[in-house]
Structures are given as C-alpha cells and as structure tokens.
Amino acid sequence: MTTPGRYPEAIVSMPRSGIRVVMDLAWELGDVLHLEVGEPDFPTPDPVVEAAVAAARGGFTKYTPNTGILPLREALVDKLARVNGITTTPDRIIVTLGAVAALACTFLAAVPTGCDVLLPDPGWPNYAMQLHLMDARPIYYPLRTENGFEPDLDELAALLTPRTRALLVNSPSNPIGSVWRPDTVRAIVEFALRHDLVLISDEVYERIVFEGEHVSPATFAPPDAPIVSVYSFSKTYAMTGWRVGYAVAPPPLNEMIARLQEPTVSCGCSISQAAALAALVLDPRVVEAMVSAYRERRDVAYAVLSGRGVRAFRSQGAFYMWIDISRGGRGSYDFARSLIAQTRVAVAPGAAFGPGSDGWIRISLANSLEAIETGCTRIADFLGR
Ligand code: PLP
C-alpha cells in the first residue's frame with residue numbers, strides 16, 4: 001500500500017491489464033495452453049537478425065537522432081507510398097520504441113489534460129492505461145456485432161462533448177480481428193475532420209489481413225489533416241522484442257511527438273533500427289508465409305467453434321478470434337479463471353478490452369494448429385457444460 005498523496009495518484013490507481021491477470025495465473029498453474037498472449041510465435045526472420053548482428057559488430061551502437069536514423073525514415077517514406085498509399089516526407093516520421101510509445105507520445109502531443117478521447121470498445125487496453133496516466137478521459141464507442149463490428153456514426157456523434165479532442169481507430173482490430181470496409185474508413189475520416197478531432201489510426205496489424213483490404217485513413221484526407229498513423233515492426237515481422245514502431249504525422253503534431261523523444265527515451269535503439277531497415281527489404285514471401293499460417297489457424301479455430309455451436313467472429317485480420325461466451329451467463333473474468341482452472345486453457349477476458357465487452361473472450365492465433373484445435377475444443381466443451 002502507498003501512503004495517499006506520496007506518489008502520483010494516476011500511477012497508483014492505474015488498473016492492470018486484465019490479460020496480465022490471466023497470464024500470471026497461467027504461469028502459476030503451469031502446463032497451460034497459452035491462447036491469451038498477443039505476439040507472433042514465429043522467430044524474427046534471419047536476414048533481420050543478421051543485419052542487427054552486423055550493426056552491433058560494426059560499431060553502430062551509439063545514440064541516433066531523436067526521430068530515428070534518416071535511411072530508415074527514407075525507407076519508410078517509400079514503404080508508406082507503396083503499401084499504404086500515403087505520400088509523406090522523412091520529417092513527418094518519428095521512429096519510436098514500438099507502436100506503444102508512438103501512441104503514448106501521440107496522446108501526450110494531441111490531448112490536453114482533462115480532455116476526452118474516443119476509444120473503441122472492445123479495444124487494446126493500453127490506450128485507456130495511457131490516457132489514465134495523463135488525466136485524459138477514455139470515452140468508449142461500441143463496436144457491435146450487429147454492425148459487423150464497425151462504428152455507428154450517430155452513436156459516435158452522440159458521445160461528443162466540447163472536451164472531445166481525439167478519436168482512435170484500430171483496423172485490423174485487436175481483439176476482434178475485424179477489418180473495416182474502405183467506405184467505413186472514409187466516413188470515419190470525414191467525421192473526425194468535420195468535428196475537428198485528431199484522428200489516431202493504430203495500424204499495427206496492417207499486413208495481417210485474410211479477407212477484405214486494409215485501407216489507411218490518411219489516404220482519404222489532405223496531407224496536412226490532423227491524422228496520426230501508427231505502425232509497428234512487431235507484428236508484421238515477428239519483432240516484438242526489438243521495439244520498433246513509428247508515427248506519421250503532419251505539422252505541428254510531428255514536431256510535438258518528436259520533441260517528446262529527448263526527455264523520455266532520447267531515441268530508439270540503433271541496432272533495432274538497422275534490423276528494421278533489413279525487414280523493409282525482406283522477400284515478401286516471408287511475411288506472406290506467416291499470414292497464411294495465421295489464416296489456416298483462423299480456419300481451424302472457426303471450424304471447431306462453429307461446428308460445436310459456439311458463436312465467434314470469423315477474423316478477417318490480425319491474429320485473434322473473438323468468441324461469444326454470453327450464453328454461459330457469467331462474466332468474462334470469472335469465465336477465464338474457471339476455464340484455466342478446469343481445462344488449462346488461458347484466454348483473454350473480454351472485459352479487459354472495454355466495459356461493454358464482458359460477454360466475450362479473445363483467443364490468440366499465435367500458437368500451433370494443435371494447440372488452437374485442442375484449446376477451442378476445450379472452450380466449446382466448457383461452454384456446453
Ligand atoms: N496496438 C495494438 C492494437 C496492439 O495489439 C499492440 C501490441 O499488442 C500495439 C499497438 C503495440 O505494439 P508494439 O509492439 O509495436 O509496441
């Protein structure tokens with residue numbers, strides 16, 4: 001216990017991620033099928049590792065510019081044009097310690113204390129944790145199954161207040177695995193611009209798409225519109241531990257995000273930036289092979305669950321499956337705790353992703369086909385009891 005007032009209240013009172021709660025339980029029990037963890041199970045591709053080794057041996061071990069090395073930002077300009085259809089310049093790109101740092105700095109740069117940010121429910125729990133630390137308020141907009149897990153603009157409009165400063169979107173989505181249709185993305189961009197909001201687009205799963213097409217919101221707006229697009233090397237290239245992400249933002253947001261680097265981290269890791277450069281020129285088949293593996297696992301998970309009458313969203317992207325547990329009539333934390341205790345399958349409780357998501361759980365497809373098949377069978381058995 002901390003003495004009240006002795007340490008910053010925002011940190012003392014920050015809720016833990018609900019996924020961590022299950023992970024701790026899983027480690028305690030041992031012998032558990034880990035379907036709760038959201039990181040690729042593939043090793044980082046060899047050419048990337050080799051580039052890092054060469055960089056370290058070659059003495060590329062010093063501080064880099066605050067916003068990242070220029071060759072990487074130049075290569076990212078090319079990637080953004082090629083993959084995302086975004087025309088930009090190196091000074092608008094800030095290389096960060098993973099997308100998580102890009103998002104934290106974007107919130108800090110764009111959202112004054114006491115303002116509101118619209119977040120998806122369900123959505124990645126770290127957004128709310130970050131806002132909590134800076135005394136900004138998350139306002140959740142629901143992604144409902146009956147709308148194909150896409151936002152309803154009237155509902156969004158009803159949530160606006162004079163304090164609403166930003167709107168966060170995340171497609172392909174963690175935890176749902178939905179990929180928003182291009183028309184929806186365009187409508188969201190128009191909505192944000194009409195209401196003078198900063199649009200923050202978390203696109204870390206941009207390359208993991210099974211159906212549909214990932215469209216970057218920034219392609220629907222003029223280059224100086226207040227849109228911050230956030231990307232990562234973590235998921236696409238199985239590089240979670242290397243900590244390389246980046247934000248793309250117009251002035252003045254780019255300068256504000258860049259300014260935050262010096263007092264917080266100085267710069268990203270030099271060796272990881274050399275590795276990231278190598279990732280950008282990898283044979284595309286390396287990424288395609290990982291995406292096909294996730295797709296195959298998605299198919300198996302969906303076949304097992306739907307074959308047993310369990311309702312789940314057939315993911316269109318990312319590497320998750322969002323499973324309806326509401327018929328069991330118990331909350332998702334209670335469900336996850338009992339499931340792990342009785343069947344040794346760890347899943348992420350829906351309530352960890354937003355206040356309206358308690359009737360769901362998320363499983364990760366970043367595990368072997370066998371583990372996914374066994375895990376889904378046990379979930380279906382458990383729900384049927
Ligand atoms: N955004 C979403 C939706 C995520 O799921 C994650 C990681 O799980 C991140 C951002 C952060 O990724 P990074 O490893 O680049 O910090």
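Note that ligands are numbered from 1 as they come in the structure, with each ligand's atoms numbered from 1 the same way.
Given atom 11 (C) of ligand 1, the protein heavy atom at minimum distance is W124 CH2, 3.5 Å. The protein heavy atom nearest to atom 14 (O) of ligand 1 is S234 OG, 2.6 Å. Looking at atom 1 (N) of ligand 1, its nearest protein heavy atom turns out to be D202 OD2, 2.6 Å. Scanning all protein heavy atoms for the shortest distance to atom 7 (C) of ligand 1 gives K235 NZ, 2.9 Å. With respect to atom 12 (O) of ligand 1, the closest heavy atom belonging to the protein is A99 CB, 3.9 Å.
Under a 4.0 Å criterion applied to the non-hydrogen atoms of G98, ligand 1 contributes the atoms 15 (O), 16 (O). The contact set between ligand 1 and S232, taken as ligand atoms under 4.0 Å from a residue heavy atom, comprises 13 (P), 15 (O). Interface of Y127 with ligand 1, defined as ligand atoms under 4.0 Å from a residue heavy atom, comprises 3 (C). Every atom of ligand 1 is numbered from 1 in the order shown, and the set under 4.0 Å from a heavy atom of R243 is 13 (P), 14 (O), 16 (O).
The other residues sharing a hydrophobic cluster with V198 are I94, V100, L103, F107, L108, V111, V117, L119, W124, Y127, L131, M134, Y140, L168, I200, V228, V230, L253, I257, L260, where clustering joins ILVMFWY side chains under 4.5 Å apart.
Stacking of K79 on the aromatic ring of Y246 is not recorded, the 6.0 Å distance cut-off and the 45° axial limit not both being met.
Using a 4.0 angstrom heavy-atom cutoff, F233 does not count as in contact with ligand 1.
Ring centroids of F313 and Y302 are separated by 6.0 Å or more, keeping the two rings apart.
Salt-bridge check for R314 with D299: passed, with a basic side-chain N closer than 4.0 Å to an acidic carboxylate O. Checked for salt-bridge contact, D183 and R181 miss the test: no charged N lies under 4.0 Å from a carboxylate O.
Taking the six-membered ring where tryptophan is involved, the planes of F42 and Y294 are perpendicular, since the angle between them exceeds 60° and thus also 30°.
Polar contact with ligand 1: absent for L97 (N/O pair, distance under 3.5 Å). Considering backbone and side-chain atoms alike, T240 places every N or O at 3.5 Å or more from each N or O of ligand 1.
Pairs passing the salt bridge (Lys or Arg N to Asp or Glu O under 4.0 Å) check and including a residue from residues 86-104, sequence neighbours excluded, read R92-D224.
Between the N147 side chain and the F149 main chain, no donor and acceptor come within less than 3.5 Å of each other.
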